Amino acid sequence: MDLLGSNLTSEVGLRLLLCPLGSNVVIRTACCGVGVALPVYSTFKAIENKDQDAQQRCLFYWAAYGSFSLVEVFTDKLISWCPMYYHMKFAFLVWLQLPPTSGAKQLYTNHLRPFLLRHQERVDQVLGFAYCEMIKLVSSYHAEIKLVKSMVVKITGSAEKLLRGTAESDRSQQHSSAEDPAVPSDTEPDQNHNH
């Protein structure tokens, strides 16, 4: 908490976060930070440090978080109306990550793993079918995808050229007016009209 500067700042932050009538923007942002941003950075650190234990913790977390997100997608309209839903979600995300609770590992070991082991063959069939259908879809629209890709490249190239041309034109105008004393500046009055 010393990083925040004062106890007052900490207290105001906690009140905003925990206030049931407060803005959902604050608690939803906190959920995104704790649920996604912090774990992404932790995963990065685990990979870069080649820390096998940290990598396994991250895998447990992402499996648990992904499962939760999947359930949330289908129930969002219903559960978002629950009072204090985002506060409970925030607490759940913190619980998933806290080392003393090992929430993600508990969720994976006690619920997700047994469920997936029981339904692994069926899930593999569904995913295999979906993968084949996706390949067929992309193959059947290959020409259209190629056309869209070339159009995007042309548009971005044209926009980049236009922006670069505008910037160079502005720069050359500034450069020439600074060097040429014959070009009257906007601040100097026209002396020909005074006579």
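For the single chain, residues carry numbers from 1 onward in sequence order. Because the structure is a prediction, the values reported are computed rather than measured.
- Looking only at side-chain heavy atoms (C-beta outward), Val71 and Ser67 stay at 4.5 Å or farther from each other.
- Other residues, nucleotides and ligands place more than 12 heavy atoms under 6.0 Å from the CD atom of Gln125.
- The structure places CG of Leu107 at 11.0 Å from OH of Tyr61, a figure rounded to the nearest 0.5 Å.
- Using a cutoff of 4.0 Å between basic side-chain nitrogens and carboxylate oxygens, Lys45 and Glu48 are not scored as salt-bridged.
- The aromatic rings of Tyr65 and Trp62 sit perpendicular, their planes meeting at an angle over 60°, well past the 30° parallel limit.
- Aromatic ring centroids of His119 and Phe115 lie under 6.0 Å apart.
- The CG atom of Leu59 sits 12.5 Å away from atom NZ of Lys105, with the distance rounded to the nearest 0.5 Å.
- Not a single donor-acceptor pair under 3.5 Å links the side chain of Asn49 to the backbone N or O of Asp51.
- Considering every non-hydrogen atom in both Pro83 and Met88, the closest pair reads O-CE, 3.8 Å.
- Among all heavy-atom pairs drawn from Pro114 and Tyr108, the shortest one is CD-O, 3.9 Å.
- With values rounded to the nearest 0.5 angstrom, Ser42 atom OG is found 12.5 Å from Gln55 atom CD.
- Both Val40 and Leu98 belong to a common hydrophobic cluster when Ile, Leu, Val, Met, Phe, Trp and Tyr are linked at side-chain heavy-atom distances under 4.5 angstrom.
- To the nearest 0.5 angstrom, Leu93 atom CG is 10.0 Å from Cys32 atom SG.
- Using a 4.5 Å cut-off on side-chain heavy atoms (C-beta onward), Phe129 and Met134 make no contact.
- Scanning all heavy atoms of the two residues, the minimum distance from Pro39 to Val36 falls at CD-O, 3.2 Å.
- Going from atom CD1 of Ile79 over to atom OH of Tyr86 covers 8.0 Å, rounded to the nearest 0.5 Å.
- The line from SG of Cys82 to NZ of Lys89 is 13.0 Å long, rounded to the nearest 0.5 Å.
- Side-chain polar atoms of Tyr85 and Glu72 form a donor-acceptor pair below 3.5 angstrom.
- Listed here is the closest heavy atom pair of Leu96 and Ala64: CD2-CB, 4.0 Å.
- Among the candidates Asn110, Leu117, Thr109, Leu116, the single residue satisfying the side chain to side chain contact (heavy atoms under 4.5 Å, CB included) test with Arg113 is Leu117.
- Hydrophobic clustering, with ILVMFWY side chains joined whenever heavy atoms are under 4.5 angstrom apart, keeps Phe92 apart from Phe60.
- When atom types are taken as modelled, the side chain of Thr43 and the backbone of Cys58 share no donor-acceptor pair closer than 3.5 angstrom.
- Without hydrogens or angle criteria, Gln97 side chain to Val34 main chain gives a donor-acceptor distance under 3.5 Å.
- Both Tyr141 and Val138 are members of a single hydrophobic cluster when ILVMFWY side chains are connected at heavy-atom separations under 4.5 Å.
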